[in-house]
Amino acid sequence: MKSSYRSLVFLLLSYLILLLCSCENSSSGSTTETATGSTDNELVQIEDFSYLGAFRLPGGTYGVSNVNYAIGPLAYNPDHHSIFFAGHDHHHAIAEFAIPELSLSDQLLDLNVADEPLQDFISLLELPAEGNPDALNRVTGMLYLDGQLIVNAENWYDAPGDNKDTTLVATAGNDLANSAIKGYFELDGAARAGGYMAPIPAEWQASFGAAYLTGWSSVYSIISRYSVGPTLFTFDPLEMLAVGTDSNGPVATTPFLNYAYGAGHYLSDEALVNEEGGASALWNYLSNGVYGFIVPGTSTFAVFGSSGGVNSGIGYKITQDNGNLCGGHCAYAADDYYNYYWFFDVREILDAEQPYDVTPYAYGAWSVPFDDNGSHSIIGGTFDEESGVLYLTLSKAGQVGTYDRPPVIVAFQIP
């Protein structure tokens, strides 16, 4: 009798254990299916960007400029597998170079050098028939679209902060020297919006109500005109492409990320602190977000650039520890600079009540080949939608002579 009772209890316990395991497995299977079935919502990490190699740009003067001391913004041209490149910072000129085979060598002289430019440097900022009323002299971003080249630019020292012009269009992107010019256009948001441009991946276009984004950050002087953190505005560049060459004026934008100085809502509460000993690792006076885009197939808005002063602090017109007297803000330690990234969750951007409510889910220093421990900062970028390759400009990293200061272009596979 006792044996039968024990058998019955054992059977009941076995059934209960089996039932519990079945429910747990069912629940676990449902969770796994949701995670693996939502690849569009995955967040990427900096380790997911795979280094593909680098190349150099040729020395010499082509047209009105050269690649030394370059401003650095890029735009990919799928027609030629090439990049539009903004050259010497005194000339505000643009050329086009075919992309050579990438090299994984860590030796600068082993890198392949692009051929002479497909299009020589030409200063588009001097071409509009109406002139350049706001004296724009820095190319901040470019986008090649439907055979036309859209160029964002600014006056690097707009002391009153009242410049409105941001954008022009070269109607013949593959023949800049003979292109008609449209503009200047005025992006709503002015210097807070008029920098990097990128397509919005198809899976996010309905949510944003737009197919393209534009943005910028506090890159040059007069921080009061900027966003104290990277921005994301949406706009319709086709409006500019469709109008006549005598058109200019405002272009509507919608802010989804914007830490406008005047509103006092900065990406970091300590962003504008000047003191020795340390600075905000999230965003500070030395932080520059120079290229931003939504990584296709993910929920990541990625911004790349540079920062500094996090370890030693930041001062204004100070003498650094190497004896250098700074002309503006700089780190107390001369080697306290690094390339940087800021990754935002697109879902949080879309759900935020205000464009300044979002903080990055990941950010920090990023060691890039040929950046010499951060002394060669990221100053521009673009990506090839078809191949998923991200190209970034490293300032002055290609020096091989006494006086040359050309950049190096590094490439990464987008995850």
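Computed from a prediction, not measured in an experiment: that's the story for all the values here. Because only heavy atoms are used, hydrogens play no part in the values below, and waters and symmetry mates are left out as well, while side chains stay in.
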Nearest heavy-atom pair of V290 and G305: which atoms, and what distance? CG2-CA, 4.0 Å
Ring centres under 6.0 Å, that's the criterion: do F84 and Y144 meet it? yes
Is it true that Y341 and Y363 have ring centroids separated by less than 6.0 Å? no
Of the options F304, Y391, F412, which is the one that meets F49 in a ring-ring contact (aromatic ring centres under 6.0 Å, His included)? F304
Show the nearest heavy-atom pair for residues D89 and R138, with the distance to one decimal. O-NH1, 3.1 Å
Could you go through K182 and T171, starting from their C-alpha distance and side-chain angles, then the distance that decides it, and tell me whether this counts as side-chain contact (heavy atoms from CB on, under 4.5 Å)? CA-CA 7 Å; K182 293 186 286 190; T171 60; 3.6 Å; yes
Is the side chain of Q205 donor-acceptor paired with the backbone N or O of I200 at a distance under 3.5 Å, no angle test? yes
Backbone N/O of Y259 and side chain of S227: donor-acceptor pair under 3.5 Å: yes
Would you indicate whether D115, at its atom CG, is surrounded by more than 12 heavy atoms from other residues, nucleotides or ligands within a distance under 6.0 Å? no
Rounded to the nearest 0.5 Å, how far apart are OH of Y316 and CG of N274? 9.5 Å
Examine distances only and state if a side-chain atom of K164 and a backbone atom of A190 form a donor-acceptor pair shorter than 3.5 Å. no
If we ignore hydrogens and angles and just use 3.5 Å, is the side chain of N66 paired with the main-chain N or O of G60 as donor and acceptor? no
I need the L74 CG to T393 OG1 distance, nearest 0.5 Å. 3.5 Å
Please determine, by modelled atom types, if D371 and N339 share a side-chain donor-acceptor pair under 3.5 angstrom. yes
Identify the two heavy atoms, one from W216 and one from A191, that lie closest to each other, and give their separation to 0.1 Å. CD1-O, 3.3 Å
Between S82 and E96, a side-chain donor and acceptor under 3.5 Å: yes
Look at the aromatic rings of H81 and Y76 and report parallel, tilted or perpendicular, splitting at 30° and 60°. perpendicular
Expected output: side-chain N284 to main-chain S280 donor-acceptor under 3.5 Å: yes
Can you classify the ring geometry of Y285 versus H329 as parallel (below 30°), tilted (30 to 60°) or perpendicular (above 60°)? parallel
If only atom types and distance count, is the side chain of Q320 paired as donor or acceptor with the main-chain N or O of A331 below 3.5 Å? yes
Between A170 and L124, which heavy-atom pair has the shortest distance, and what is it? CB-CD1, 4.2 Å
Quick one: closest heavy-atom pair of V67 and A70, and the distance? O-CB, 3.4 Å
Flag if over 12 foreign heavy atoms under 6.0 Å of OH, Y51: yes
Flag yes if more than 12 heavy atoms outside Y261 fall under 6.0 Å of its OH atom; otherwise flag no. no
Distance-only polar pair, side chains of N152 and T140, donor-acceptor under 3.5 Å: no
F256 and F233 aromatic centres sub-6.0 Å: no
Please report the interatomic distance CD1(I122) to OG(S65), rounded to the nearest 0.5 Å. 12.0 Å
With side-chain contact (heavy atoms from CB on, under 4.5 Å) as the test, pick out the partner of M197 among Y291, F235, F293, Y212. F235
Heavy-atom closest contact (G229 atom, L267 atom, distance): CA-CB, 4.1 Å
For S312 and D336, which I'm curious about, is there any donor-acceptor pair between the side chains at under 3.5 Å? yes
Could you tell me which residues satisfy side chain to side chain donor-acceptor pair (under 3.5 Å) with H90, sequence neighbours excluded, listed by chain and number? none
Using side chain to side chain contact (heavy atoms under 4.5 Å, CB included) as the criterion, list what pairs up with E116, not counting sequence neighbours. Y62
Does the ring centre of W342 sit less than 6.0 Å away from the ring centre of Y340? yes
When I294 is tested against each of T300, I349, V346 for side-chain contact (heavy atoms from CB on, under 4.5 Å), which residue passes? V346
Hey, does the side chain of T234 reach the backbone of L213 with a donor-acceptor pair shorter than 3.5 angstrom? no
Can any side-chain N or O of N163 pair as donor or acceptor with the backbone N or O of D165 at less than 3.5 Å? no
Is it the case that the side chain of D404 and the backbone of G401 share a donor-acceptor pair, with hydrogens and angles ignored and the cut-off at 3.5 Å? yes
Could you go through N322 and D335, starting from their C-alpha distance and side-chain angles, then the distance that decides it, and tell me whether this counts as side-chain hydrogen bond (donor to acceptor under 3.5 Å, both in side chains)? CA-CA 9 Å; N322 66 348; D335 62 353; over 6 Å; no
Can you list the steps and then say if D188 with T253 is a side-chain hydrogen bond (donor to acceptor under 3.5 Å, both in side chains)? CA-CA 5 Å; D188 287 346; T253 65; 4.7 Å; no
Side-chain donor-acceptor pair under 3.5 Å between R192 and T231, yes or no? no
Is it the case that the side chains of Q354 and H265 hold a donor-acceptor pair, with the cut-off being a distance below 3.5 Å and no angle test? no
Side-chain (S217) to main-chain (P230) donor-acceptor, under 3.5 angstrom: no
To the nearest 0.5 angstrom, please state how far the NE2 atom of H92 sits from the CG atom of L136. 9.5 Å
